[in-house]
Amino acid sequence: MTAAPAQAGTAIGMSGLTVRFSSRRSQTTALDDVSLDIQPGEFVTIVGPSGCGKSTLLKIVAGLVRPTSGEVSLLGRPVRGPQKEIGFVFQKAALLEWRGARANILLQAEMRGMDRAQAARRADELIEMTGLTGFEKALPHELSGGMQQRVALCRALLHSPPVLLMDEPFGALDALTREQMNAELHRIWRETGTTVVLVTHSIAEAVFLGTRVVVMSPRPGRIIRTFPVELPAHRDYAQVMSDPRFDRLATDLRGLLGSAAANH
Amino acid sequence: MTENALDTAGQQAAAAMAAGAPAASAATPSTEGPGRSTVAGPPPGTGGHPPRPTLGRRALALADSLWRPALVLAAFFAAWWFVAAREYVPNYLVPTPGQVWTTMTDQWSELARHTMVTLYETVLGFVLAAALGLATAVAIAYSRTLDKALYPIVLFAQVIPKIAIAPLLVVWFGLGLTPKIILAVLIAFFPVVISGVAGLRSTDPELLDLAATMGAGPWRTFRKIRFPNALPHLMAGLKVAVTLAVVGAVVGEFVGASEGLGYVLLLANGNLDAPLLFADLILMSAIGIVLFVLVEIAEALLIPWHASRRAGVSLTTS
Ligand SMILES: Nc1ncnc2c1ncn2[C@@H]1O[C@H](COP(=O)(O)OP(=O)(O)OP(=O)(O)O)[C@@H](O)[C@H]1O
Ligand SMILES: [Mg+2]
């Protein structure tokens with residue numbers, strides 16, 4: 001399985017997505033009429049207040065949650081059930097507690113029936129790249145929260161998926177590691193041309209990584225604005241942080257998120 | 001080596017359940033393999049793991065875990081000996097430990113034969129109960145229809161007083177092994193089903209989502225995620241089941257048998273042979289304890305990763 005086959009048209013298409021969760025006690029509208037088209041090779045970051053339906057949106061694209069109404073397509077095909085052309089990083093690391101770090105990463109290969117030797121080589125590369133060397137056999141409960149998330153990231157990258165869906169993958173990392181992981185993810189994206197959708201609470205992360213930043217409103221989640229990121233495709237962390245365009249966009253985003261929260 | 005240790009261990013457990021003796025699952029897993037031991041971790045200096053325990057240290061740990069129960073047991077025997085030797089209770093009711101010991105050694109070959117019979121019935125009953133119980137649990141956990149259909153039957157099988165149906169089983173199946181094994185299965189089956197269902201249902205939905213995005217079929221998801229995840233619950237159920245299986249076998253022997261510890265017990269009772277009766281009781285308990293410890297060892301080998309098995313939280317001896 002290699003990265004991003006040449007595709008025409010949109011990688012991910014969403015139109016009029018509405019999701020309502022009803023339980024005996026209450027009814028929640030998580031998403032309200034969300035439409036978004038994502039082109040192959042784009043890196044879209046999504047920011048929005050807690051509980052506005054960001055995780056739900058990713059799960060709809062993955063085919064794990066069925067929208068109440070609306071249409072989704074992935075790589076040109078309508079999404080009807082769970083999709084396997086993707087790598088998914090869940091908000092919780094979701095590791096198997098009986099497997100060591102490396103075995104957790106290789107779960108991806110085992111479940112897909114990938115070539116073992118090749119998968120093992122790739123796993124070792126990813127482990128090295130994410131700084132997990134020395135912890136290959138450590139069980140999840142012996143890893144820090146940030147290390148657990150790095151394992152989950154490696155697992156999602158193992159099969160070089162054409163589409164990567166990431167739900168706050170760096171939420172549990174310290175600031176420094178987070179910067180390193182951002183730079184690393186940026187490099188991976190540039191080199192592979194993977195289509196990425198990343199949910200984050202960090203404005204800096206959203207701007208540094210994204211080619212587009214999507215801002216969502218508090219529940220029921222709507223897209224209130226989409227900002228193109230006018231930074232070069234090849235970015236260096238320190239340079240971007242001191243770039244005036246970064247500052248302007250970050251200020252805009254902060255203002256928008258702040259006012260959205262205040263109006264709620 | 002890409003195959004995870006636990007998967008291999010899980011398969012061994014399943015194979016052992018299907019093939020027979022629970023002892024097999026305790027004995028077969030090899031000692032090496034990735035992620036097997038909780039101490040297998042990063043190389044020294046990176047993770048701060050304690051060194052692998054040496055033999056001397058292991059012996060010390062064993063002694064440390066054994067002296068308390070040993071003390072209680074010694075106190076119990078002392079009290080027994082005191083009461084019996086002073087004849088506070090007449091010896092034909094409570095014999096002295098010495099008398100019991102003499103009986104045990106004098107009639108050892110006979111007693112050993114009867115013990116083997118009861119042990120055989122118990123183990124066979126337990127293994128069948130484990131296999132049937134696990135299959136039923138899988139059916140219940142995976143299918144709503146089977147859940148609705150099977151649960152009442154399982155519950156019914158549990159609430160019928162087993163002692164009441166024992167005579168019926170003897171009428172149906174004669175005095176051979178069959179009614180004892182059926183009773184052992186009937187009585188040990190329920191905890192396996194309940195714990196199995198609880199275990200299989202406790203899978204984190206996010207893990208099932210993950211499996212779905214990996215395009216894995218139900219069998220792979222079961223083998224790699226749901227079954228290993230259910231093991232801690234299942235092992236708890238198996239520990240209860242193995243002790244109940246002894247009860248089932250003995251009750252079966254009470255009702256109609258020509259051998260086995262239950263038969264000897266009735267005989268000793270009829271002859272007012274208190275030393276034999278006590279020796280018999282000790283052997284029955286020994287069967288239960290040995291089998292329980294074997295399941296515990298199997299548990300320690302299968303789920304060293306589980307919180308209940310991490311250093312120092314062990315429920316009992318091992
Ligand atoms: N399975 C579910 N059943 C019922 N309600 C749900 C379910 N999943 C999500 N919700 C509700 O939908 C809303 C959106 O949830 P979601 O997890 O998508 O938010 P989020 O934007 O990812 O929040 P956060 O930033 O805190 O992760 C929440 O109000 C939540 O309570
Ligand atoms: Mg979320």
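As the structure is a computational prediction, the values presented were derived from the model and not from experiment. Labels below follow one simple rule: chain letters A, B, ... track the order of the sequence lines, proteins then strands, and each chain is numbered from 1.
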Run A:Arg112 and B:Arg220 through side chain to side chain contact (heavy atoms under 4.5 Å, CB included) and show every step you take. CA-CA 9 Å; A:Arg112 288 175 187 271; B:Arg220 268 192 187 156; 5.8 Å; no
To the nearest 0.5 Å, how far apart are NE2 in A:His141 and CH2 in B:Trp305? 10.0 Å
Does atom CD of A:Glu128 have more than 12 heavy-atom neighbours from other groups under 6.0 Å away? no
To the nearest 0.5 Å, atom CG of B:Leu210 lies from atom CE of A:Met111 at 7.0 Å
Name the region of A:Lys92, side chain, backbone, both or neither, that has any atom closer than 4.5 Å to a heavy atom of chain B. both
Heavy atoms under 4.5 Å from chain A: which residues of residues 136-155 of chain B carry them? none
What distance do A:Glu110 atom CD and B:Lys224 atom NZ have between them, rounded to the nearest 0.5 Å? 4.0 Å
Roughly how far, to the nearest 0.5 Å, is the CG atom of A:Leu107 from the CD1 atom of B:Ile225? 5.5 Å
Side-chain contact, heavy-atom cut-off 4.5 Å: B:Thr213 with A:Gln83? no
Go through the atoms of A:Leu95 and report whether side chain, backbone, both or neither lie under 4.5 Å from a heavy atom of chain B. backbone
Among residues 198-208 of chain B, which ones touch chain A with a heavy-atom distance under 4.5 Å? B:Asp204, B:Glu206, B:Leu207
Measure the spacing between CH2 of A:Trp98 and NE2 of B:His306 and express it to the nearest 0.5 Å. 10.0 Å
